[in-house]
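Step one of this worksheet: look at the structure below.
In listed order, ligands and their atoms are each counted from 1. Just so it is clear, the values below take in all heavy atoms, side chains as well, and ignore hydrogens, waters and symmetry mates.
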Amino acid sequence: MSALNQRVFEQIADGLADRGYSVVDGFLTSTEVDQILQSDEFEKNKLHFRKAAVGKTDKQINEGIRGDYIQWIDPATASPGESAYLHRLRELIAYLNQNLFLSLKGIDLHRTVYPIGAKYQRHLDQFHHDDHRKLSVICYLNKAWKEQEGGQLRLYHTSGPLDVLPEAGTLVCFRSDQLEHEVLPAKRERYSLTGWITDRSY
Ligand code: OGA
Ligand code: MN
């Protein structure tokens with residue numbers, strides 16, 4: 001593991017242990033972000049992203065709750081940039097297991113597009129009858145995002161709400177069972193890789 005990764009992983013582990021969340025910028029470099037966005041998997045497939053459903057079993061689509069479009073990533077067919085990201089997340093898992101004594105195993109990951117005006121109402125990421133999602137990890141892909149463009153991720157922490165701008169390379173990681181959050185509508189399309197670190201390995 002590189003010294004740089006080591007430092008970033010440490011920052012994430014400290015945040016999770018102290019507050020249940022962590023926000024780090026530069027988790028992906030600008031070049032890696034370009035590589036992900038410009039790949040056929042992202043660029044050309046965008047048309048085939050599906051409207052995200054609400055809930056695990058009923059697959060209900062409810063725009064009032066969430067308006068994003070997603071496509072699940074199969075690691076076997078991920079683009080080179082996405083594979084590099086998955087590799088870094090696996091290193092993060094190893095680091096967190098060792099340092100926070102967790103038993104994290106798998107990663108579920110999807111490409112995400114929020115059209116202009118789309119939102120995701122306040123929610124928790126863990127399902128009612130399925131507690132395998134342990135950590136939510138979101139990496140944003142939007143260069144030079146401005147505050148007035150909206151699209152903040154609002155984390156409802158016990159110490160008060162915290163807004164995160166979806167700036168390219170920024171990684172947000174938080175406990176899926178604890179932290180309620182919402183996505184505010186944006187004036188610009190909003191791209192990300194959204195994932196969950198689970199305690200199962202399929
Ligand atoms: C989610 C989610 C937050 C974001 O997909 O469950 O809360 O900032 N995403 O995209
Ligand atoms: Mn969520």
Any chance [atom1] of [X] has more than 12 other-residue heavy atoms, nucleotides or ligands included, within less than 6.0 Å?
| X | atom1 | answer |
| --- | --- | --- |
| Gln121 | CD | yes |
| His123 | NE2 | yes |
| Arg50 | CZ | no |

### Message
Within 45 degrees of the ring normal and closer than 6.0 Å to the centroid, is that where the cationic atom of Arg19 sits relative to Tyr21?
### Response
yes
### Summary
The protein N, O or S atoms lying under 2.8 Å from the Mn ion (ligand 2) are His123 NE2, Asp125 OD1, His181 NE2
#### Entry: Residues Tyr95, Gln6; criterion side-chain contact (heavy atoms from CB on, under 4.5 Å); working and verdict
CA-CA 8 Å; Tyr95 185 91; Gln6 173 87 25; 3.6 Å; yes
### salt bridge (Lys or Arg N to Asp or Glu O under 4.0 Å) between Lys143 and Asp34, worked out
CA-CA 9 Å; Lys143 296 251 173 104; Asp34 286 340; 2.6 Å; yes
Donor-acceptor contact present, side-chain [X] to main-chain [Y], <3.5 Å:
| X | Y | result |
| --- | --- | --- |
| Glu167 | Ala144 | yes |
| Arg133 | Asp125 | yes |
| Asn142 | Tyr191 | yes |

Give a table of atom pairs where an N or O of ligand 1 lies under 3.5 Å from a protein N or O.
{"unit_1": "ligand 1", "atom_1": "6 (O)", "unit_2": "His123", "atom_2": "NE2", "d": "3.2"}
{"unit_1": "ligand 1", "atom_1": "6 (O)", "unit_2": "Asp125", "atom_2": "OD1", "d": "3.1"}
{"unit_1": "ligand 1", "atom_1": "7 (O)", "unit_2": "His123", "atom_2": "NE2", "d": "3.2"}
{"unit_1": "ligand 1", "atom_1": "7 (O)", "unit_2": "His181", "atom_2": "NE2", "d": "2.9"}
{"unit_1": "ligand 1", "atom_1": "8 (O)", "unit_2": "Tyr140", "atom_2": "OH", "d": "2.5"}
{"unit_1": "ligand 1", "atom_1": "8 (O)", "unit_2": "Arg190", "atom_2": "NH2", "d": "2.8"}
{"unit_1": "ligand 1", "atom_1": "10 (O)", "unit_2": "Arg190", "atom_2": "NH1", "d": "2.9"}

